[in-house]
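Working notes for the structure below.
One-based numbering, in listed order, for ligands and for the atoms of each.
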Amino acid sequence: MPGMLPMTAPSVAMPTSLTEALGALADHGPGAVPLAGGTWIMRSPLRREGFAPAYVGLSRVAELGKINVTPDTIEIGAAVTHARLAEALEGLPEVAALAFAAGNSANPAIRNVATLGGNLCARGFAAADLVPALLCLDALVEVAGASATNRVGLADFLMHRDRLLQGSVLTRMILPRCGRPSAHARLPLRKAGDYPVAIVSMAAGIDGSGRIETSRIAVGSVEPVARRWTALEDALAGQPLDPARASDIARSLTTGFSGREAVEAPGWYRVQVLPTLVGRAVAALASQA
Ligand SMILES: Cc1cc2nc3c(=O)[nH]c(=O)nc-3n(C[C@H](O)[C@H](O)[C@H](O)COP(=O)(O)OP(=O)(O)OC[C@H]3O[C@@H](n4cnc5c(N)ncnc54)[C@H](O)[C@@H]3O)c2cc1C
C-alpha cells in the first residue's frame with residue numbers, strides 16, 4: 001500500500017503503451033501507482049510516507065506526451081512537462097493562465113521533469129499551480145481504467161480523485177477554446193521552498209466597454225484542495241477591469257475561506273493576501289484586453 005514502507009526496493013515497470021501501463025498496474029495490484037516526473041514521489045520520505053511497492057513509469061508512453069491544438073479545443077497529454085507546456089501555449093491568450101502557471105512554478109530543473117498529470121494526481125499537494133489555472137479554464141480530465149475511459153470536469157475529479165485513480169491513469173486534459181483572456185497570480189515565499197502560499201487564477205469574458213461579463217475565478221494553496229470562488233465571480237459581473245476595485249470587492253468576500261495551517265504560512269495569511277492576488281490577476285487581464 002502507498003504510505004507503508006515496503007520491505008524490499010520498489011519494482012519499476014516502463015511500459016511503452018497505455019494498454020501495457022494499465023496492464024502493469026493491474027498485475028501489481030492495488031499497491032502499484034503511476035510514476036511520472038517523480039518530483040512528488042521522490043520527496044515521500046520528507047512527508048514521512050513510504051514508497052509504493054511498485055511503480056509504473058509513464059514517460060515512454062508516447063500518447064501521454066502529445067499536445068493537440070485545434071480551433072475548438074486544446075488537448076494536453078498527462079506526461080507533458082511544465083516546461084513543454086509553457087512553451088507550447090505561448091501566444092495563446094485564452095490559456096495564458098495555464099502557460100504562466102506552468103512557466104513559473106517551482107524552478108527550471110523541476111519544470112523540466114514535473115508533469116501535468118503528476119501536478120493533478122499528487123494527493124495532499126495543495127500548492128499545485130496547474131490546478132487552479134485549469135479550473136478557471138473549465139478543463140475536462142480524461143481518466144483511463146482497465147474497462148473504461150471517462151471524462152469528468154476538473155472539480156469533480158478533485159472531489160473523487162482517490163476513487164477515480166484506483167488502478168487508472170490520467171491520460172489527458174481537454175480545454176475548450178472560448179477566446180476569453182486569462183491570468184494566474186501567485187505568491188511564492190522563500191520560506192515555503194518557493195511553493196506559492198496562495199494562488200488566484202482567472203478567466204473572463206469582457207464586453208465592448210471593457211466590463212466583465214462573466215468570469216471563472218479559482219483559488220489554490222489556501223485550502224487543502226483548490227476551488228472556484230463563485231461569490232466573487234458573481235460580484236464582478238458588470239464591473240470594469242479595475243484592479244483596485246476588484247481587490248476591494250474580493251476583500252469583502254473572503255469570509256468563506258478557511259486557510260490551511262502549515263509551517264511555511266499560517267491560514268489567516270493565505271486568506272489575507274487573496275484580494276491583492278485578485279487585483280494582480282485583473283491587472284493582467286486588463287493588459288491582455
Ligand atoms: C522543490 C520543489 C518545488 C516545487 N514547486 C512547485 C510549485 O511551485 N508549483 C507546482 O505546481 N509544483 C511545484 N513542484 C512540483 C510538483 O511536485 C509537481 O508539479 C507535481 O506535483 C508532481 O509531478 P510529477 O510529474 O513529478 O509527479 P510524480 O511525482 O511522478 O507523481 C505524483 C503523484 O501523481 C501520480 N501520478 C502521476 N502521473 C499520473 C497519471 N498520469 N495518472 C495517475 N496518477 C499519476 C503518482 O502516482 C503520484 O502519486 C515543486 C517540486 C519541488 C521538488
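The atoms of ligand 1 that sit less than 4.0 Å from any heavy atom of A78 are 41 (N). Atoms of ligand 1 lying under 4.0 Å from at least one heavy atom of G38, given by number and element, are 24 (P), 26 (O), 27 (O), 28 (P), 29 (O), 30 (O). Of all atoms in ligand 1, numbered sequentially from 1 with element shown, those under 4.0 Å from a heavy atom of A122 are 21 (O), 33 (C), 34 (O). Atoms of ligand 1 found under 4.0 Å from any heavy atom of W40 (numbered from 1 in listed order, with element): 22 (C), 26 (O), 29 (O), 32 (C). Near A128, the atoms of ligand 1 lying under 4.0 angstrom from a non-hydrogen atom of the residue are 11 (O).
Using a 4.0 Å cut-off between heavy atoms, A106 contacts ligand 1 through both its backbone and its side chain. Contact annotation for E49 and ligand 1: no heavy atom of the residue comes within less than 4.0 Å of the ligand. In F125, the part holding a heavy atom less than 4.0 Å from any atom of ligand 1 is the side chain.
Ranking protein heavy atoms by distance to atom 47 (O) of ligand 1, first place goes to P34 O, 2.5 Å. Looking at atom 27 (O) of ligand 1, its nearest protein heavy atom turns out to be G118 CA, 3.4 Å. For atom 49 (O) of ligand 1, the nearest non-hydrogen atom of the protein is R123 NH1, 3.9 Å. For atom 50 (C) of ligand 1, the nearest non-hydrogen atom of the protein is Y195 OH, 3.4 Å. Among all protein heavy atoms, the one lying closest to atom 45 (C) of ligand 1 is C121 CB, 3.5 Å. For atom 9 (N) of ligand 1, the closest heavy atom belonging to the protein is D129 OD2, 2.8 Å.
By the 4.5 Å heavy-atom criterion applied to side chains, T276 and L187 are not counted as neighbours. For the pair M173 and L120, the minimum side-chain heavy-atom distance is below 4.5 Å.
The nearest pair of heavy atoms linking L18 to V61 is N-CG1, 3.6 Å. Closest approach of A262 to R270, counting heavy atoms only: CB-NH2, 3.5 Å. Minimum heavy-atom separation, A218 to C136: CB-N, 4.2 Å. Closest non-hydrogen pair, S59 versus M14, comes out as OG-CE, 3.3 Å.
Q272 places no side-chain N or O within donor-acceptor distance of the main-chain N or O of W268, the cut-off being under 3.5 Å. Listed for the R216 side chain is no donor-acceptor partner under 3.5 Å among the backbone atoms of R228. Using modelled atom types, one side-chain atom of S168 and one backbone atom of Q166 make a donor-acceptor pair closer than 3.5 Å.
Following chains of ILVMFWY side-chain contacts shorter than 4.5 Å, one cannot reach V80 starting from V113, and the two form parts of different hydrophobic clusters.
Taking only nitrogen or oxygen atoms, main chain and side chain alike, S168 does not reach within less than 3.5 Å of ligand 1. Of the N or O atoms in L170, one or more lie within a sub-3.5 Å distance of an N or O in ligand 1. An N or O contact shorter than 3.5 Å is missing between V169 and ligand 1 by distance. Here's the thing with P196: none of its N/O atoms is less than 3.5 angstrom from an N/O atom of ligand 1. Ligand 1 has no nitrogen or oxygen under 3.5 angstrom from a nitrogen or oxygen of L130. The shortest N or O to N or O distance between L165 and ligand 1 is not under 3.5 Å. Distances between N or O atoms of N107 and those of ligand 1 include no value under 3.5 Å. Checking only distances, N119 does come within under 3.5 Å of ligand 1, N or O to N or O.
For atom 18 (C) of ligand 1, the nearest non-hydrogen atom from the set V141, L18, T39 comes from T39. Nearest to atom 39 (C) of ligand 1 by heavy-atom distance, out of L58, V113, V33, is L58. The heavy atom nearest to atom 25 (O) of ligand 1, out of those in L116, T115, T81, I41, is found in T115. Checking L120, L164, V56, I110 against atom 15 (C) of ligand 1, the nearest heavy atom belongs to I110.
Dense packing is recorded around CD of E261, with more than 12 heavy atoms of other residues, nucleotides or ligands lying under 6.0 Å away. The environment of E213 atom CD is dense: over 12 non-hydrogen atoms of other residues, nucleotides or ligands sit within 6.0 angstrom. Taking a 6.0 Å sphere around CZ of R60, one finds it holds 12 or fewer heavy atoms contributed by other residues, nucleotides or ligands.
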### Query
salt bridge (charged side-chain N to carboxylate O under 4.0 Å, His left out) between D248 and R245: does it pass, once the steps are laid out?
CA-CA 5 Å; D248 284 346; R245 192 147 156 185; over 6 Å; no
### Task
Evaluate side-chain hydrogen bond (donor to acceptor under 3.5 Å, both in side chains) for S247 paired with R280, printing each intermediate quantity in order.
CA-CA 9 Å; S247 188; R280 284 186 201 166; over 6 Å; no
